[in-house]
Asker: 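Have a look at the structure that comes next, please.
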There are 2 protein chains.
Amino acid sequence: MTKILIAEDDDHTRDALREVLTMEGYEVIPASDGLQAVDFFRAESPDFVCLDVMMPGLNGYEVCKQIRRQDEKVPILFLTAKAEEIDTVLGLELGADDYMTKPFGVKEIIARIRAILRRTASRGGGRTDDDFTMDDLRIVPTELRAYRDKLELALSPRDVKVLRLLYDRRGKVIDRNTLADEVWGVDYFPESRALDQHISQLRKRIEKDPAQPRIIRTVHGAGYRFE
Amino acid sequence: MTKILIAEDDDHTRDALREVLTMEGYEVIPASDGLQAVDFFRAESPDFVCLDVMMPGLNGYEVCKQIRRQDEKVPILFLTAKAEEIDTVLGLELGADDYMTKPFGVKEIIARIRAILRRTASRGGGRTDDDFTMDDLRIVPTELRAYRDKLELALSPRDVKVLRLLYDRRGKVIDRNTLADEVWGVDYFPESRALDQHISQLRKRIEKDPAQPRIIRTVHGAGYRFE
DNA sequence: AGCAGGTTGTAAGGAAATTGTAAGGCGTCT
DNA sequence: AGACGCCTTACAATTTCCTTACAACCTGCT
């Protein structure tokens, strides 16, 4: 579930936001001042942050800087009571993704949060979309395809994730837990054989001889490796 | 130095843009209404224009027409609060080079301005209105029509946007989020099926065999693609 | 070498998710 | 009112993915 950190000192606004966003299916972490916000950010690693500019102690700008020191990607939405404050947000190049001026409507803030999450979600998902080569196979993530000579192979997003991971740590063994975590996420059951199944199917498509794999090699008792 | 004319009635947005773009090394000419924008354009001959759609007096569309009467080449970037307004931008044959839906991030607008300037510097024309061909279909955005042999097909502004996006990134997979963001804008709710419905209807009209689409192909689990 | 126990490969069928599309409703424009 | 475009809904078609079951394999031990 998507976690949203809300830093807002006004109790009423904060509670209203919490309620609305919870109804929308987000997990809300409320913070009532800047220090708490920074603490909660570290502890919870939220996927999205709403920051009020005016807060006791650390103000929104400071909180934003602290957060950016840890994470330059997490989307940040500023909430401001005064329109002038936006100048500062923009001028300081804090890396804010959006801002809203109070008062704002419920639908408006939900639409913006969704839009930002959509936008940032489709941007690579953390790592780059650059092409890379494994053995004699050229993988082109943005096309969800791989090429061998003139041959063109379709890949699923999951295929690309697996290959990318192996490529990024080529020479090292990727154990099953890591693979499962990175590709399937937290809700992977270790006793499931989905991972083996996927590797098997993938090999059938990308390996010249799936029985003697050159791209995805098995390291018995440990995991998989490329090179 | 590259001169950028900014026509935007909201003081804070305008000032913020001015500050940011000045920091980036552009010379900024701010105008707070449509008439001023036209005057300043005549007086200063800027290299680039950012136009808010909603302005008192002359609105963005009118300003654009006036500017185009003098200069058919200068790149124009529309700023709109609502994604729907883009339909009008496209439909009116205004010759816009790009558009952005508010709210937008600082980095985003800088990136677009750079991209457009690069494009128009190297080639020599705007992109949004140019005709293009997909498979055996010739799409003419300014007429909101497509042609196959003698056959003439009507297209909605939204159809054109979808096709343009697929054409601009042909070979690449356009995921649903990107499509939703670029075509529907901030108000698109992910659980809506409007996008599928639209693709289905569009295929019925433009594909010879909608069951075996050659223009808009489905990449299951990922998005759509044209090549 | 042969065996036991654990690990991995993979075919098959069914579950689950994704996409296609017909039908109906709502609002707008004429 | 009627036509039109666009959206939601509901269900069908499609595709992918996972579970299961068993075969094959590796490793360490006797």
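The sequence lines fix the lettering, A, B, ..., with proteins before strands; numbering per chain opens at 1. Given the structure is predicted, the values throughout are model-derived calculations rather than measurements.
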Asker: Is there a side-chain polar atom (N or O) of B:Ser156 under 4.0 Å from OP1 or OP2 of D:dG5?
Answerer: no

Asker: OP1 or OP2 of C:dG9 less than 4.0 angstrom from a side-chain nitrogen or oxygen of A:Thr218, does that happen here?
Answerer: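 For A:Thr218, the contact criterion (side-chain N or O under 4.0 Å from OP1 or OP2 of C:dG9) is met.
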
Asker: State whether A:Trp184 places a side-chain N or O below 4.0 Å from either non-bridging phosphate oxygen (OP1 or OP2) of D:dC18.
Answerer: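 Yes, within the criterion.
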
Asker: Rounded to the nearest angstrom, tell me the gap between atom CZ in B:Phe189 and atom C1' in D:dC7.
Answerer: 14 Å

Asker: Can you tell me which nucleotide in D:dC7, C:dT19, C:dA22 comes closest to the side chain of B:Arg158?
Answerer: D:dC7

Asker: Rounded to the nearest Å, what distance is computed from the NE2 atom of residue B:His198 to the P atom of nucleotide C:dT21?
Answerer: 14 Å

Asker: Starting at atom NZ of B:Lys161, determine the distance to atom C1' of D:dC6, rounded to an integer number of angstrom.
Answerer: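 Rounded to whole Å, this separation is 13 Å.
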
Asker: Ignoring backbone atoms, test whether A:Tyr224 places a side-chain nitrogen or oxygen under 4.0 Å from the OP1 or OP2 oxygen of C:dT7.
Answerer: no

Asker: Over how many whole Å does the gap from B:Arg217 atom CZ to D:dT15 atom P extend?
Answerer: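 Spelled out: CZ on B:Arg217 to P on D:dT15 is 14 Å.
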
Asker: Taking the six-membered ring of B:Tyr167, is the NZ or CZ of B:Arg170 close enough (under 6.0 Å from the centre) and on axis enough (within 45°)?
Answerer: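 B:Arg170 over B:Tyr167 ring: yes.
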
Asker: Rounding to an integer number of Å, can you tell me how far B:Asp196 CG sits from D:dA10 P?
Answerer: 16 Å

Asker: Which part of the nucleic acid, if any, lies within contact of B:Tyr188, taking any heavy atom under 4.0 Å across all strands shown: a base, the sugar-phosphate backbone alone, or nothing?
Answerer: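 If one applies the 4.0 Å heavy-atom cut-off, B:Tyr188 turns out to touch nothing in the nucleic acid.
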
Asker: Applying side-chain hydrogen bond (donor to acceptor under 3.5 Å, both in side chains), run through A:Gln201 and A:Gln197 and close with a yes or a no.
Answerer: CA-CA 6 Å; A:Gln201 299 302 317; A:Gln197 184 60 246; 2.8 Å; yes

Asker: Can you find a donor-acceptor pair, distance only, under 3.5 Å between A:Gln201 side chain and C:dT10 base?
Answerer: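 Such a pair does not exist between side chain and base.
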
Asker: The side chain of A:Arg176 is closest to which nucleotide in this list: C:dA23, C:dG9, C:dT8?
Answerer: C:dT8

Asker: Begin from the C-alpha positions of B:Thr218 and B:Tyr224 and carry the test side-chain contact (heavy atoms from CB on, under 4.5 Å) through to its verdict.
Answerer: CA-CA 5 Å; B:Thr218 300; B:Tyr224 297 94; 3.6 Å; yes

Asker: Would you please confirm or rule out a distance under 4.0 Å between OP1 or OP2 of C:dG9 and any side-chain N or O of A:Lys204?
Answerer: no

Asker: Atom CD1 of A:Ile216 to atom P of C:dT8: distance rounded to whole Å?
Answerer: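 One finds 14 Å between P of C:dT8 and CD1 of A:Ile216, rounded.
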
Asker: Can you confirm whether B:Arg214 is buried at CZ, in the sense that more than 12 heavy atoms of other residues, nucleotides or ligands lie under 6.0 Å from that atom?
Answerer: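 Atom CZ in B:Arg214 is not packed in, count stays at 12 or less.
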
Asker: Considering non-hydrogen atoms only, spot the tightest contact between A:Ala194 and A:Tyr188 and give its length.
Answerer: N-OH, 3.8 Å

Asker: When you get a sec, tell me which of C:dA11, C:dT10, C:dT8 is the closest nucleotide to the side chain of A:Ser200?
Answerer: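 Among C:dA11, C:dT10, C:dT8, the one nearest the side chain of A:Ser200 is C:dT10.
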
Asker: Separation of B:Gln197 atom CD from D:dG5 atom P, in whole Å?
Answerer: 13 Å

Asker: What nucleic acid atoms does B:Ala154 come within less than 4.0 Å of, heavy atoms only: base, sugar-phosphate, or nothing?
Answerer: nothing

Asker: I want to confirm an ordering. Mapping A:Arg193 and B:His220 to their closest nucleotides on DNA chain D, which one lands closer to the 5' end?
Answerer: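 Result: B:His220.
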
Asker: Nearest-Å distance, CG (B:Leu195) to P (C:dT21)?
Answerer: 14 Å

